[in-house]
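Below is one structure, written out as structure tokens; comments come after it.
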Amino acid sequence: MRSAKTATLLTALALAGCGGEQGDTLDTDTTTSTAGTTTATASDGTTSTAADPTEAPTTTTTSTTSTTTTATSTDPVTTDAVTTDAPDTGPDPMPACGDPSHFATSKEPTTLIYVAASGADGPDCGARATPCQTVEAAAAKATPGTGIRLLGETFGPDIFLSDLAGTADAPIWLGGEFGSPATIAGGGEALHLSRVRHLVIHDLEITGATANGINVDDGGAVDDPEATRFVAFERLHIHDIGEGGNQDCLKLSGINDFWILDSQFERCSDGGSAVDHVGCHRGLIVANFFGENGGNAIQAKGGSEDIEIRGNTMIDCGQRAVNMGGSTGFEFFRPPLTMNGDNAEARNIRVVSNVIEGGETPLAFVGCVDCLAANNTIIRPQQWLLRILQETVSDPQFTFAPASNGRFINNLVVFDRAAISTYVNIGGNTAPETFTFTTNLWYAADAPDQSSPAGDLPVVETGAIAGEDPLLVDLAADFRLTPASPAVGSGTPLPEVAADRDYRCWKDPPSRGAYELVP
């Protein structure tokens, strides 16, 4: 069950706006994302895109699965033609800014292979009337352009698939029917994918796994950037995962060029993350809802680089809502560590236009180099406003760059002074003097005269607003700006921040926080 606090905020966030008006349905029952699609409970239409990885654009875990399928079979496939299940409402409107399209956008399967718990595996299974019983059997028949369609039932867990590969022109889709997600429940892991390419995972509910919900990796090929590449995750609901330890809802290891869109991640183990990256590169995480997660909403470490986290809602996401960097065993880095040069837990992680409420701290720069937190609306963290830490340090074999060159710009931070200790927590072995703080708004709602974090910042901030009420629509539920807000039109233009949380283009100068003012 979602907490009353979460439900109240989600209801408020569903108020009309550009994001809420993006199409709620797809034209067909294909699972391709169209720009502007929003998840029903994730709110107010979040979005964006990083530098387009479309053309470019883990710790290796032990599978607990009972069945392994290498999806390269050329067995004959008996399938149905692709049908249109959803009403034709015309093309979805494109967002004004922040197009999240990817390799499968506007494409459709040419063949559908159906799977049902009541089906039967065999050489001729796959038509809707004669579905296969297992995902493994369907995957063995899949070729580029195939949609593996799980009918709306509950399926058994511990599904392991390897080498499932579509092409740029003909991806492979795996998931439920649009608007009717299939459920995979229980087990060690619901779904484990290894060495996959041009694959869309969509319309699934994953719950009750004791390890990870979905685990995608490169099969241990830590030095091969092509091993797992071009993967999109859309309209997933992964919740109630793990046993309180380091288990994750979505575990990604060595995945390159990926998208996580319009999904929900809730209660993803007290010691884990909703989305955990180890050595992942060129990713876009947009329009998702994260709630009641114990460790992190999102963590990117182990050599991760060029990941944009934009337009998401994070409520009560534990110790560090977004952990930019972290602590990784040396053998798990992707690419492998080098003895000649500075290694880093993470580089160029961009956290922009998100709403982050509650939790111990919204943002942590942990051994992260050249990372950015900009235009986020941060509401009532419970311990620190942000942290700068170093958990992986140099040793005689490998040199690690300290957390350095971070930027904290255009954020709107509302907090209770009585609820936090120091404003900013800075640990040892870091380079806080290299950070930049520019045009943030700081407001201690319980003590406006104690709003300024200046004494805790490692450098002098430029253009700060401290102690002025941000004049939001509703400080308890709707964090959009009113026309009189001091945040309106007072930010610093940033080319890295393509859109606000409602798909609006930023004005020049932009507002502070996650929302541009409605015209």
Backbone N or O of E391 within a donor-acceptor pair of the N429 side chain at under 3.5 Å? no

Could you tell me whether the side chain of N212 and the main chain of D248 form a donor-acceptor pair under 3.5 Å? yes

CG on L386 to CD1 on I426, rounded to 0.5 Å: 8.0 Å

Side-chain (T434) to main-chain (N405) donor-acceptor, under 3.5 angstrom: yes

I'd like to know if the side chain of T361 pairs up with that of Q319 as donor and acceptor (distance under 3.5 Å, no hydrogens or angles considered). no

Interatomic distance, CD1@I379 vs CG@L412, rounded to 0.5 Å, equals 6.5 Å

Under a 3.5 Å distance rule, please check whether Q264 uses its side chain to pair with a backbone N or O of N288 as donor and acceptor. no

Is a donor on one side and an acceptor on the other found under 3.5 Å between the side chain of Q247 and the backbone of G245? yes

If the plane angle is over 60° it's perpendicular, under 30° parallel, otherwise tilted; pick one for H198 and F103. perpendicular

How are the rings of F435 and F365 set to each other: parallel, tilted or perpendicular (split at 30° and 60°)? perpendicular

Between I465 and S490, is there a side-chain heavy-atom distance shorter than 4.5 Å? yes

Is the closest side-chain donor-acceptor distance between W442 and Q450 under 3.5 Å? no

Chi angles and distances behind the side-chain hydrogen bond (donor to acceptor under 3.5 Å, both in side chains) call for Q299, N323: CA-CA 5 Å; Q299 177 171 248; N323 204 36; 2.9 Å; yes

Heavy-atom check, side chain of V196 versus side chain of V216, under 4.5 Å: yes

Hey, do the aromatic rings of F258 and H277 have their centres closer than 6.0 Å? yes

Flag for T439-N410: side-chain donor and acceptor within less than 3.5 Å: yes

Side chains of Y515 and R504: is there a donor and an acceptor less than 3.5 Å apart? no

Is there a donor-acceptor contact under 3.5 Å linking the side chains of H281 and D306? no

Supply the atom-to-atom distance K507 NZ to D500 CG, rounded to the nearest 0.5 angstrom. 10.0 Å

Does a side chain donor of either S511 or E516 reach within less than 3.5 Å of an acceptor in the other side chain? yes

Does R407 make a cation-pi contact with F437, if we ask for NZ or CZ under 6.0 Å from the ring centre and within 45° of the axis? no

Mind telling me whether F265 and F290 have parallel, tilted or perpendicular rings, with 30° and 60° as the class edges? parallel

Output yes when a side-chain donor or acceptor of T377 lies under 3.5 Å from a complementary backbone atom of A514, and no otherwise. yes

Yes or no on side-chain hydrogen bond (donor to acceptor under 3.5 Å, both in side chains) for N440 and E461, after CA distance, side-chain angles and deciding distance? CA-CA 8 Å; N440 300 290; E461 179 173 2; 3.0 Å; yes

Heavy-atom check, side chain of L385 versus side chain of I420, under 4.5 Å: yes

N348 and D370 side chains, donor-acceptor separation under 3.5 Å: no

Is the backbone N or O of T399 less than 3.5 Å from a side-chain atom of N343, with the two atoms forming a donor-acceptor pair by type? yes

Geometric class of the H102/W259 ring pair [parallel <30°, tilted 30-60°, perpendicular >60°]: tilted

Give a yes or no answer on whether the side chain of S404 reaches the backbone of V369 with a donor-acceptor pair at less than 3.5 Å. no

Distance, nearest 0.5 Å, that separates CD of E496 from CG of N375: 10.5 Å

Short side-chain to backbone donor-acceptor contact, N354 and I309, under 3.5 Å: yes

